[in-house]
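Here's the structure we're looking at; comments come further down.
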Amino acid sequence: MATHPFLLMKNIEKSFNGVPVLKGVTLQVEKGEIHALLGENGAGKSTLMNILGGVHQPDNGSLFIDGQEVNMLNPRVSQEQGISFIHQELNMVSDLRVYENMFLGSELRNKVGFLKVEEMCEKTHDIMTKLGVDVDPKEYVRNLATSYKQLIEISKALLHNSRLIIMDEPTTSLAEHEVNRLFELMKNLKQSGVSIIYISHKLKEIKEVCDRFTVLRDGERVKSGSVEEEDIETITKLMVGKSISQDRFIHEHQFGPVSLEVVNLTSPGLFRNINFTVKQGEVLGFTGLSGDGRTELFESLFGYRKKYTGEVRVHGRIVKIDHPRKAVKAGIGLVPKDRKENAIIKDLSVIHNMSLSSMGNFEKSGFIREQTEKAKFQKYKEMLNIKVHNPRITIDKLSGGNQQKVIIAKWLEVGADILIFDNPTQGIDVGAKQEIYHEITALAKMGKTVIILSSEAPEVLRICHNINVMYQGEITARFTGEEATEEEIMNYATGSKREAAKIG
Ligand SMILES: Nc1ncnc2c1ncn2[C@@H]1O[C@H](COP(=O)(O)OP(=O)(O)OP(=O)(O)O)[C@@H](O)[C@H]1O
Ligand SMILES: [Mg+2]
């Protein structure tokens, strides 16, 4: 009996509006294998998966599933073939309940056509428990945090008896323990013969959970191989085409005066007794696990949340920030996390998304000069290597990472004195991360105050002069960039250590 791979995509070609995005890509995935699909932002990963999921039709090439050639794929046929797709962008319907989202399009009904609500809730509950998620199946999705939405998206794929699961950056909003659960689950699925295609920019994850890999660059396959046989540096080099250093980016220089001082900031249930100061020219990091309160803290400082007590001083003056407008007036800018939900306007062009800043909304003049706009866009396009052929197309046509780059560009341009970046490099490839770190360092050098919120300890270690660690709404430790280590940060972020003296 001839053996065949579970999936073979052969010489796949795809162009959008005459621009080739996949130039004859071949991908082979065995049964019971976890296969990493890697590449820079815009390399073509999601497009290739959209073809497998039946969302896009290829212009050329052939596709075999379990040795059989499949000619017409659409989302339904793809699902019938046992392929489940966890999309990069979340596809939840906010106004539906958790279980309704889970069973959307495949509702369970009894003989006379009534919905079997309890059974759907039970099934939802079972899968969620396996993932370690504690959520009421009858809760409305709009009330859930983004990480939960991502977990529901994953659960949905597990609902069907899949033979192949595509996971397109499933862990971007997950906390570490949630990621670990997912990995356990993936390993179990693999044991039972399910194949998984795994897309992520976090190369440590790839090392941990994947068996083989394929690297795409500019729509072409660069290499496939065994994960065990390559180190992270080599894989990075295959993706980017050059070596990327893991050096720290901290620029040592004299800080200016204190720009922001926070005294005893407390918001019941979210954070308490927060005290810190940050100076002009300083890059200050806040890290911790999800649920540590850092996002809520800075949403309050930016005026999105009003119910807090304590004092905020900007350049020595007490300010009462109860609306983003006031924050902006005080010279504070916030780049929110979770791009799709908070930062982009889908129906607007790339270039307008970049020039339309949240600040712009508050400015009196609505007149945008096209030439400056274009020049600015060109500058960031080159600096951050934004892959877009025509900046007039709507932003949702850009790859996930390239959308994020546009958002970052917009805020680099805004010119606030105090810039807060929440999870800035979510979904960004290793090369572009480097550029963003350069830009952040440059802002600090210019005398701006930069605050970085990140769940990734290695990230704050690389770019911050000083680091605050949070746990359950409190600052549990402060480190200078030199003294901090990943391990020590973890100790304080998980609450297994607290050092009162340090947080004085
Ligand atoms: N519907 C579309 N219309 C026009 N161009 C598109 C469309 N979908 C994707 N593209 C383009 O195809 C290229 C590849 O995009 P794709 O989403 O496959 O990248 P990716 O490898 O998934 O990147 P990322 O890591 O940023 O998610 C990009 O240049 C993108 O702008
Ligand atoms: Mg993608």
Side-chain angles (χ1 to χ4, degrees), residues 9 12-25 27 35-59 61 75 85-91 150 153 166-173 197-203 205-206 213-222 235-236 238-241 338-340 343-344 346-351 353-354 377 381 384-409 423-436:
M9 297 180 85
I12 302 290
E13 291 174 19
K14 178 74 186 172
S15 298
F16 289 109
N17 313 318
V19 180
V21 167
L22 296 173
K23 307 167 189 168
V25 171
L27 175 70
H35 196 101
L37 185 58
L38 305 170
E40 285 184 288
N41 297 132
K45 306 178 295 294
S46 295
T47 304
L48 187 65
M49 292 302 100
N50 277 325
I51 287 172
L52 182 55
V55 181
H56 292 319
Q57 300 307 315
D59 301 336
F85 200 158
I86 300 168
H87 288 270
Q88 181 171 17
E89 308 297 346
L90 302 174
N91 280 316
Q150 203 160 41
E153 191 87 41
I166 304 165
M167 301 188 172
D168 197 348
E169 298 193 43
T171 64
T172 42
S173 342
I197 298 176
Y198 190 78
I199 301 180
S200 173
H201 291 285
K202 301 178 189 166
L203 295 178
E205 292 187 346
I206 304 297
F213 70 89
T214 293
V215 173
L216 301 184
R217 197 194 310 151
D218 283 333
E220 284 176 276
R221 177 170 78 166
V222 183
I235 296 178
T236 306
L238 287 169
M239 283 166 55
V240 187
D338 301 325
R339 171 185 72 247
K340 192 181 181 190
I344 62 165
K346 267 174 64 178
D347 312 332
L348 276 188
S349 71
V350 172
I351 200 160
N353 263 285
M354 197 198 86
F377 183 78
K381 182 177 177 226
L384 299 175
N385 185 23
I386 302 176
K387 293 224 169 75
V388 54
H389 293 281
N390 173 8
R392 303 268 162 219
I393 60 173
T394 55
I395 193 163
D396 59 347
K397 300 281 187 317
L398 250 54
S399 81
N402 281 307
Q403 292 182 17
Q404 180 76 356
K405 291 179 191 176
V406 173
I407 303 310
I408 300 273
N423 221 354
T425 61
Q426 177 180 342
I428 297 244
D429 70 57
V430 280
K433 258 191 184 173
Q434 187 102 340
E435 290 305 328
I436 288 168

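Worth knowing before you read on, the calculation uses all heavy atoms, side chains too, and leaves out hydrogens, waters and symmetry mates. Read the numbers this way: they start at 1 and go in the same order the structure lists the ligands and their atoms.
Of all protein heavy atoms, the one closest to atom 17 (O) of ligand 1 is S399 CB, 3.3 Å. Among protein heavy atoms, atom 29 (O) of ligand 1 sits closest to K387 O, 4.0 Å. The protein heavy-atom contact nearest to atom 18 (O) of ligand 1 is T47 OG1, 2.6 Å. Counting protein heavy atoms only, atom 8 (N) of ligand 1 is closest to F16 CE1, 3.4 Å. For atom 27 (O) of ligand 1, the closest heavy atom belonging to the protein is Q88 NE2, 2.9 Å. Considering only non-hydrogen protein atoms, atom 13 (C) of ligand 1 sits nearest to V21 CG1, 3.6 Å. Among all protein heavy atoms, the one lying closest to atom 23 (O) of ligand 1 is G42 N, 2.8 Å. The closest protein non-hydrogen atom to atom 25 (O) of ligand 1 is K45 NZ, 2.7 Å.
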List the steps and the verdict of side-chain contact (heavy atoms from CB on, under 4.5 Å) for R392 and I351.
CA-CA 6 Å; R392 303 268 162 219; I351 200 160; 3.3 Å; yes
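Taking every heavy atom of H201 and a limit of under 4.0 angstrom, the matching atoms of ligand 1 come to 25 (O). The atoms of ligand 1 that sit less than 4.0 Å from any heavy atom of G401 are 24 (P), 26 (O), 27 (O). Close contacts of ligand 1 with S46, meaning ligand atoms under 4.0 Å from a residue heavy atom, involve 17 (O), 18 (O), 20 (P), 22 (O). The A43 neighbourhood of ligand 1 comprises atoms 19 (O), 21 (O), with distances under 4.0 Å to a heavy atom of that residue. Of all the atoms in ligand 1, the ones that sit under 4.0 Å from a non-hydrogen atom of L398 are 31 (O). Residue-ligand proximity, E40 to ligand 1, at heavy-atom distances under 4.0 Å covers atoms 21 (O).
For G44, a nitrogen or oxygen atom sits less than 3.5 Å from a nitrogen or oxygen atom of ligand 1, counting backbone and side chain alike. Ligand 1 has a nitrogen or oxygen under 3.5 angstrom from a nitrogen or oxygen of K397.
In this structure, D429 contributes its side chain and A432 its backbone to a donor-acceptor pair below 3.5 Å. Under a 3.5 Å cut-off, the side chain of N402 and the backbone N or O of L398 do not form any donor-acceptor pair.
Between the side chains of D347 and T394, no donor N or O sits under 3.5 Å from an acceptor N or O. No side-chain N or O of E169 forms a donor-acceptor pair with one of S200 less than 3.5 Å apart. At a cut-off of 3.5 Å, with distance as the only test, no side-chain donor of H56 or T47 sits close to an acceptor on the other residue. A donor and an acceptor atom, one from each side chain of H389 and N17, are nowhere located under 3.5 Å apart.
One distance of note links CG of L52 with CG of L37; it measures 10.5 Å at 0.5 Å rounding. Note that CG of D218 and NZ of K23 are 5.0 Å apart. Values are rounded to the nearest 0.5 Å.
Using a 4.5 Å heavy-atom threshold, the side chains of I51 and L22 count as touching. L27 has its side chain within reach of M49: a pair of non-hydrogen atoms, C-beta onward, lies under 4.5 Å apart. Side-chain contact check for I386 versus V406: some heavy-atom pair is nearer than 4.5 Å.
Checking S46 against the Mg ion (ligand 2), an N/O/S atom falls under the 2.8 Å cut-off.
At a heavy-atom distance under 4.0 Å, only side-chain atoms of E169, from C-beta outward, approach ligand 1. Contacts between N41 and ligand 1 below 4.0 angstrom, taking non-hydrogen atoms only, involve backbone and side chain alike.
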